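Here the structure comes first, spelled out in structure tokens, and everything after it is commentary.
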Amino acid sequence: MPLLELRNVTKSFTSKTARPFVVLEHITMAVDKGDFVCIVGPSGCGKSTLLRIICGLIPPSDGQVFYKGVEVKGVCDEMAMVFQSFALFPWLTVLENVEIGLYSKKISQEEKRRRALKMIEMVGLKGFEEAYPRELSGGMKQRVGLARALVSEPTVLLMDEPFSSLDPLTATHLREELVDFWSNPNLAPDTVIMVTHSVEEAVYLANRVIVLSHRPGTIIKEVPVDLPRPRDPRSDKLYALVDQITSLIA
């Protein structure tokens with residue numbers, strides 16, 4: 001049984017016209033424990049909407065999502081999301097923003113503080129616990145967002161274009177850190193599902209790349225990435241896969 005399964009998921013929104021606005025249509029896919037899946041496709045094809053359906057933030061209009069064999073009918077507390085826009089609370093410190101990731105956990109405030117401090121150190125922000133988001137660089141803000149997601153020790157980490165607004169060097173460092181977290185059996189998460197506009201990033205990170213069509217988004221193809229790790233971002237084999245996937249999108 002797969003860890004996560006989508007069966008014929010469709011999502012539409014009401015519009016001013018008589019016809020509903022269909023974003024996703026007939027999405028069927030499975031994700032196993034230990035997978036690193038990247039989702040790519042044209043702008044507006046429903047990639048971000050798909051992530052929100054997976055973790056229960058919004059319901060599908062039709063079809064079903066199953067996590068560990070149980071249908072997802074609300075926010076799943078074993079999943080966590082990292083957003084493109086950082087989504088930090090500007091009036092809270094770094095420490096307080098990370099502690100928000102433990103809001104629903106029935107543990108003491110002391111334990112929340114301990115876990116948050118440990119995660120802040122792990123993402124390289126020790127010494128910035130009392131800083132506010134306005135005092136941080138873009139890369140540091142995204143580290144806070146990553147720490148907030150990981151502090152709850154999710155089984156599945158969902159990421160919505162997490163590195164797209166960062167400079168290339170910072171994005172490269174954060175990608176490497178993400179792979180280190182995912183590949184360490186002693187750390188969360190076990191599974192990553194990430195949306196990206198960068199086909200190169202998808203091939204560099206993922207075990208599988210799921211390619212969506214123009215809206216309404218449907219799955220064109222699932223492309224396995226069997227390149228050995230650590231991967232060379234300049235290798236001919238990597239670029240051959242990038243060209244293959246890019247041609248599917250184009």
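Bear in mind the structure is a predicted one, so any value in this text is a computation, not a measurement.
Under the 4.5 Å side-chain heavy-atom criterion for Ile, Leu, Val, Met, Phe, Trp and Tyr, Leu174 and Val94 are members of the same hydrophobic cluster. Side-chain heavy atoms closer than 4.5 Å link hydrophobic residues (I, L, V, M, F, W, Y) into clusters, and following such links, possibly through other members, connects Leu238 to Leu205. Under the 4.5 Å side-chain heavy-atom criterion for grouping Ile, Leu, Val, Met, Phe, Trp and Tyr, Leu166 is connected to Leu157 within one hydrophobic cluster. Grouping the Ile, Leu, Val, Met, Phe, Trp and Tyr side chains by contacts below 4.5 angstrom, directly or via other members, places Val22 apart from Leu24. Both Met79 and Val37 belong to a single network of hydrophobic side chains, linked directly or stepwise wherever heavy atoms of I, L, V, M, F, W or Y lie under 4.5 Å apart.
Pro90 places none of its side-chain heavy atoms less than 4.5 Å from the side chain of Arg134. Residues Leu6 and Leu50 are in side-chain contact: their nearest non-hydrogen atoms beyond the backbone lie under 4.5 Å apart. Taking the side chain as every heavy atom from C-beta outward, Pro216 and Val23 never approach each other to under 4.5 Å. Two residues are said to be in side-chain contact when any heavy atoms from C-beta on lie closer than 4.5 Å; Tyr204 and Thr172 fail this criterion. No side-chain heavy atom of Met194 sits under 4.5 Å from any side-chain heavy atom of Val82. Considering only heavy atoms from C-beta on, Phe128 stays 4.5 Å or farther from Glu135 through its side chain. Looking only at side-chain heavy atoms (C-beta outward), Leu187 and Met122 come within less than 4.5 Å of each other. Counting only heavy atoms from C-beta outward, the side chains of Thr191 and Leu4 never approach each other to under 4.5 Å.
Contact record, Trp91 with Glu96: O-OE1, 4.4 Å, taken as the closest heavy-atom pair. Taking both residues in full, the closest heavy atoms of Leu212 and Cys45 are given as CB-SG, 3.9 Å, listed atom of the first, atom of the second, then distance. In terms of heavy atoms, Val123 sits closest to Arg143 at O-NH1, 2.9 Å. Gly41 approaches Ile249 most closely through the heavy-atom pair N-CD1, 4.2 Å. What you find for Gly34 and Trp182 is that their closest heavy atoms are O-CZ2, 3.2 Å. Residues Ala206 and Val225 come closest through the heavy atom pair O-CB, 3.4 Å.
Looking at Asp167, its side chain does come within 3.5 Å of a backbone N or O of Thr170 through a donor-acceptor pair. Although no hydrogens or angles enter the test, the distance criterion places no donor-acceptor pair under 3.5 Å between the side chain of Lys141 and the main chain of Ala87. With hydrogens and angles disregarded, no donor-acceptor distance shorter than 3.5 Å links the side chain of Arg115 to the backbone of Val151. In this structure a side-chain-to-backbone donor-acceptor pair under 3.5 Å is present from Glu129 to Gly127. Of the possible donor and acceptor atoms, one in the side chain of Ser61 sits under 3.5 Å from a partner among the backbone N and O of Ser12. Between the Glu153 side chain and the Glu78 main chain, no donor and acceptor come within less than 3.5 Å of each other. At distances below 3.5 Å, at least one donor-acceptor pair connects side-chain atoms of Asn97 with backbone N or O atoms of Leu92.
Taken to the nearest 0.5 Å, the CD atom of Gln142 stands 9.0 Å off from the CZ atom of Arg148. The line from CE of Met29 to CD1 of Ile54 is 5.0 Å long, rounded to the nearest 0.5 Å. Interatomic distance, OG of Ser48 versus CG of Leu57, reported as 11.5 Å (0.5 Å rounding). Here the CE-NZ distance, from Met1 to Lys68, works out to 9.0 Å after rounding to the nearest 0.5 Å. Atom CD1 of Ile193 sits about 10.0 Å away from atom CE of Met81, to the nearest 0.5 Å. Note that the CG atom of Asn8 and the CD atom of Gln64 stand 9.5 Å from one another [nearest 0.5 Å].
The local environment of CG in Asp236 is sparse, with at most 12 non-hydrogen atoms from other residues, nucleotides or ligands closer than 6.0 Å. More than 12 heavy atoms of other residues, nucleotides or ligands sit less than 6.0 Å from atom CZ of Phe66.
Between Lys105 and Glu111, no side-chain nitrogen of the basic residue sits less than 4.0 Å from a carboxylate oxygen of the acidic one, so the salt-bridge criterion is not met. Between Glu99 and Lys112 no salt bridge is recorded (no basic side-chain N to carboxylate O distance below 4.0 Å). Salt-bridge formation is not detected for the pair Lys118/Glu121: no Lys NZ or Arg NE/NH1/NH2 atom is positioned less than 4.0 Å from an Asp or Glu carboxylate oxygen.
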- Under the side chain to side chain contact (heavy atoms under 4.5 Å, CB included) criterion, do Lys221 and Gln244 qualify, and how do the steps go? CA-CA 11 Å; Lys221 190 173 183 179; Gln244 176 188 342; 3.6 Å; yes

- Message: For Leu241 and Leu227: C-alpha separation, side-chain torsions, deciding distance, then whether side chain to side chain contact (heavy atoms under 4.5 Å, CB included) applies.
- Response: CA-CA 10 Å; Leu241 281 172; Leu227 302 177; 4.2 Å; yes

- Task: Before giving the answer on side chain to side chain contact (heavy atoms under 4.5 Å, CB included), spell out for Asp160 and Arg52 the whole-Å C-alpha distance, their side-chain angles and the decisive distance to 0.1 Å.
- Result: CA-CA 9 Å; Asp160 190 2; Arg52 285 156 175 76; 3.1 Å; yes

- Quick one: do Leu146 and Met119 satisfy side chain to side chain contact (heavy atoms under 4.5 Å, CB included)? Show the steps, please. CA-CA 9 Å; Leu146 184 60; Met119 186 53 62; over 6 Å; no

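With Pro189 as the fixed residue, the side-chain contact (heavy atoms from CB on, under 4.5 Å) test singles out one of Leu150, Val156, Leu158: Leu150.
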